[in-house]
Structure formats: C-alpha cells, structure tokens
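Presented below is the structure to which this report refers.
Order of listing sets the numbers, starting from 1, for every ligand and every atom in it. In this text the structure is predicted, and so the values were computed from the model without any measurement. Just so it is clear, the values below take in all heavy atoms, side chains as well, and ignore hydrogens, waters and symmetry mates.
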Amino acid sequence: MSRVKQQQLLRESQLHMPQGVAENYRYWGEQQTVFIESAKGCYLTDCDGQRFVDFRLGYGPIILGYRDDRVDQAVITQISTGGTLSGFSTPLDSQVVEQIKGLCPQIDQVRFANSGTEAVMGAIRTARGFTRRDRVAIVEGCFHGLFDEMMWKVDVENWDSSQGQNPQIIPFGGGIPTSSRNLVDMIELNNTESLETLFHDGGDRLACVVLEPIIGNCGSISAQPMWLKRLRELCTQYGVLLLIDEVKSGFRVARGGAQELYGLYGDLTTFAKAMGNGYPVAAFGGRQEVMSAVGSFAGGVVHGGTYTANMIALSAANRTLDILTNTKAQETIDQIGSAVQAVLARVFTAAGIEHVFAGPAAMFGIHFTAQIPSNYRDWRQTDAQLYNRFAWQLIAHGVMLEPDSREPWFICEAHQELDLAWLEEVATKALRIALG
Ligand SMILES: Cc1ncc(COP(=O)(O)O)c(C=O)c1O
C-alpha cells in the first residue's frame, strides 16, 4: 500500500510542528507516521486510502465505536440548546456524577477535568490536601500522565537483570526538573517486600499510592488480589490514600472498572477515556470525607479550569455512561475480546509460539512468553521484538495497533462487525513474515 500522501503531509507538517506531529506519541518515523482521513465504527481510513480495523482506538477512549450516532446526537442536541460552555454550573454536572456513582460504589463526590493528566493532578493534590503530607508512591510500569512528578520511570529497557541491581529511575525525557523526583517513591507490582519496605520506611509521610491495578500501559499486567489487598490494608493502617487510576480501565474492563473486578476500592479514583467515547472528558472522585478537602475555603484544595465540565464533554459522558449502564455493550465487548483472543491463540499455537494474554477481554495484552509477567521487570523477559515485528506486519495488512507490547489491544462495541476469519488469515500471514 502506498504511503506517498502521508509522507508528503508529514514533510509539510514539519514546517509547523516539532517532528510534524501534534503530540510526541504520534510520530512513528519519517516513513510510517499515520495521518487519518476518516473513522467509523471500528474502522480507520488513512490519507492514502488504506482501511484498518483498529485495536488501538486512540489509546482506549473509543468504547462504543468511532462516530457513534447515539453519543454524537446527544452532543449536537446539547450544544445547540445550551452552548459549549458558560463558565457556570449546569444541571448536567450532577446528572453525570449520578451516573458515575451508579456504577462505582466507592464514589460519593466528583470533580471534572479535561484529560487523564489533569484528573490525576487534581486527585493527587486532593490526597495531599486531605492528608497534609507531600510524598506520593507510584508503581513501576504504570503511567499517570504528562506532569512532572509522574514523568519518572524505571529504565527497564536498558537494564541488565543478570547483574542483580535495580533498574535506574530516569525521567521520561527533557524538561523534567530533578526536584520533581524528590517526593516520589517507586515500588514493584506484586512484590510484597517492596510494598512492606515502602510503608515501613516512610508510610507516615505518604499522601497516597497511585496505581493502575490492571496496567493499561504495560500490556495489562495486573495486580495479584493478595498483593492489592495488602496494599489496601497498609494504606488504611498508615492513613495513606489509595488512588486508583482508572483512566484506561474505567468503564471499560467492567462497568465499575478494575475496582469492580477486584471487589476492592480506592479512596480516590481517576477516570477519562472510555467515559466519553472519544470526547475529551475526565474526572476524579472518591469518598465524601476525602473530597471535602476540595473547595474555595481557607486551606481548601484548589481545583478548576476554564473548560472544566464543558457541555460537549459532559453531554458525551452522559450518553456514553447511559449506554454502558443500560445496554449489553459491555457484554458484547467482552465476547468480542475473547473471540479475538481465541483467533490469535490459534495463530500463535499453529506457529509454535509461546504466548499469554494478560488482563480482561476489553483491554488485553499479548506477551510472547510462557507465563503472564507479574510486573514491568518481568515484561523485559518477554519477546517484545517478535511482537514488534508481528505488529508492524499486522499494520501493513490492515490491522491497526500500537507496535509495542506494552500497549494493550482495545475492543469496542463496533468490533462486532469484525470478520474473524479475515483476522485469522491476516494474523497468520503477519506472523509468518515476522518470524522471517
Ligand atoms: C492510566 C493513565 N493515567 C493517566 C493518563 C493520562 O491521560 P491523558 O493522556 O488523557 O492526559 C493515561 C494516558 O494514557 C493513562 O493511561
């Protein structure tokens, strides 16, 4: 398939934007950077006319399908009567919160945001305001957005595990002040010693532990229930808030997110992505007592923003949550995810490739290894290079996904149109070429 037009578009864009893209993660190199012409259902068409079945779904927000008429119509109706924003409250604010509360029993009160990053920032500030402590702990391999303190990671890619040393902790890139590292601790998922040490050495200085129990940024590697239970106990014992980041998993892996699946609840939760089927909406919320730290009284936690709870975002969330609550969309998504896994498992098995699927059917990771990795360090032992070659071949043959096994496969309701026999044929061909 020709990519001539997209390569030309990239050269032109490079006059206007660094690397020719609107955000770093969209740059896939001079030859492969994708420009999209149109999207509908589970399909994308690029500017050279190639059509893809999309399992990337914009990094997860599309839960129903692109241009879902039910959601789009609700937005059009709302903005043609109420406008886009006024800088005042509307009845829609509480309607959306009531829907969230209907699905998530851990939530008493909510504040809105425009992106996952902003929701996490608001939640962490709330945790700090409530506990009057500054330190925050995060879990290796999780991602919580693009603000300085959350932009530190373990350098697993350049780590030699045979040396018996921990991987280095490095910033995601330039411009991250070293001082932003000072208040952040890092622990390993599913490592009890790492968890106990964190609390033993500094539990009384921690405001919160932030984590994705199903790591949507590490191939859906998931917390073991016992480890999570111990984390919950320690948080309660030390007066530390448990902040569950459900920006990717929320309203996707189950109606009530990862917390419903585990039956274990955080004090604060962040939401975004699936909440609005692609419209830019996010939120954080939690227990009444904790959320009451937010407000314009003396010492209250500051939260706000010009576009907060704008009516484009909230009308989309209102309708999306209504559909997820009152239809079988979630069950459909789970069934399709399982069927896609079954197809891929047949393809891998036929080729003699060791493989495992991690996480729930609506957001699953594929790892070429014998056992599901238990944390980010284990991911390093998987054959991520083979995955990368396989993924690029899938893309060449009309299946869109992120060519990195740390990004899960996302399923939307519109994938019910998918021809599974076609997928099997394409995956077989892609794997054969990837294996060389
Ligand atoms: C778990 C998690 N938290 C926060 C974010 C940041 O969200 P956003 O990109 O909307 O700022 C992401 C983004 O992928 C995420 O996956």
Side-chain angles (χ1 to χ4, degrees), residues 21-27 55-63 104 111-127 136-153 172-173 176 184 186 189 208-223 242-253 257-259 261-262 266 268-286 305 307-310 312-313 316-317 320 358-360 362-365 375-376 379 401-402 404-410:
V21 288
E23 63 119 357
N24 285 14
Y25 298 102
R26 287 178 204 172
Y27 180 73
F55 291 103
R56 185 171 169 271
L57 298 179
Y59 293 117
I62 306 300
I63 183 82
C104 307
R111 279 289 179 94
F112 290 102
N114 299 293
S115 67
T117 299
E118 232 189 82
V120 175
M121 287 171 79
I124 289 181
R125 183 174 298 160
T126 302
V136 172
I138 56 179
V139 173
E140 294 178 4
C142 295
F143 178 76
H144 303 294
L146 286 124
F147 70 108
D148 294 346
E149 281 186 298
M150 294 298 112
M151 291 260 88
W152 292 89
K153 62 176 180 180
F172 272 71
I176 316 283
V184 180
M186 223 178 264
L189 188 76
C208 60
V209 177
V210 189
L211 88 158
E212 301 172 84
I214 299 167
I215 311 186
N217 295 281
C218 198
S220 289
I221 293 170
S222 303
L242 182 57
L243 198 172
I244 308 266
D245 184 356
E246 297 238 36
V247 162
K248 263 188 177 165
S249 55
F251 312 116
R252 167 173 283 286
V253 299
Q259 293 170 82
L261 292 184
Y262 281 95
L268 282 164
T269 303
T270 49
F271 305 103
K273 306 220 181 202
M275 181 179 171
N277 195 47
Y279 286 88
V281 59
F284 66 94
Y307 297 105
T308 303
N310 70 78
I312 298 171
T320 304
M363 180 179 104
F364 63 87
N375 57 39
Y376 188 25
W379 169 83
L401 73 169
E402 193 76 9
D404 183 326
S405 66
R406 285 169 291 191
E407 188 66 17
W409 287 50
F410 292 101

> Is a salt bridge present between E118 and R111, judged by a nitrogen-to-oxygen distance below 4.0 Å?
Replying inline: no
> What atoms of ligand 1 come closer than 4.0 angstrom to any heavy atom of G145?
Replying inline: 4 (C), 5 (C), 6 (C)
> Looking only at distance, does F143 have an N or O less than 3.5 Å from an N or O of ligand 1?
Replying inline: yes
>> Show me which atoms of ligand 1 lie under 4.0 Å from any heavy atom of S115.
In response: 10 (O), 11 (O)
>> Check this for me - ligand 1, G116, N or O atoms closer than 3.5 angstrom, yes or no?
In response: yes
> More than 12 heavy atoms of other residues, nucleotides or ligands under 6.0 Å from CG of N24: is that the case?
Replying inline: no
> Going by heavy atoms in the side chains, are V120 and F147 under 4.5 Å from each other?
Replying inline: yes
>> For atom 9 (O) of ligand 1, what's the nearest protein heavy-atom neighbour? Residue, atom name and distance, please.
In response: T117 OG1, 4.4 Å
> Near E212, which atoms of ligand 1 are under 4.0 Å from a heavy atom of that residue?
Replying inline: 1 (C)
> Is it the side chain, the backbone, both or neither of A272 that has a heavy atom closer than 4.0 Å to ligand 1?
Replying inline: neither
> With a 3.5 Å cut-off and no angle check, do the side chains of W409 and S220 form a donor-acceptor pair?
Replying inline: no
> Would you say ligand 1 has an N or O under 3.5 Å from any N or O of D245?
Replying inline: yes
>> We want to know whether T320 and N277 form a side-chain donor-acceptor pair, criterion being a heavy-atom distance below 3.5 angstrom.
In response: no
>> Show the atoms of ligand 1 that are less than 4.0 angstrom away from any heavy atom in N217.
In response: 1 (C), 15 (C), 16 (O)
>> Any non-hydrogen side-chain atom of Y59 less than 4.5 Å from a side-chain atom of E402?
In response: yes
> Which residue owns the protein heavy atom closest to atom 13 (C) of ligand 1, what's the atom, and how far is it?
Replying inline: K273 NZ, 3.4 Å
>> Is it the case that the side chains of N217 and E212 hold a donor-acceptor pair, with the cut-off being a distance below 3.5 Å and no angle test?
In response: yes
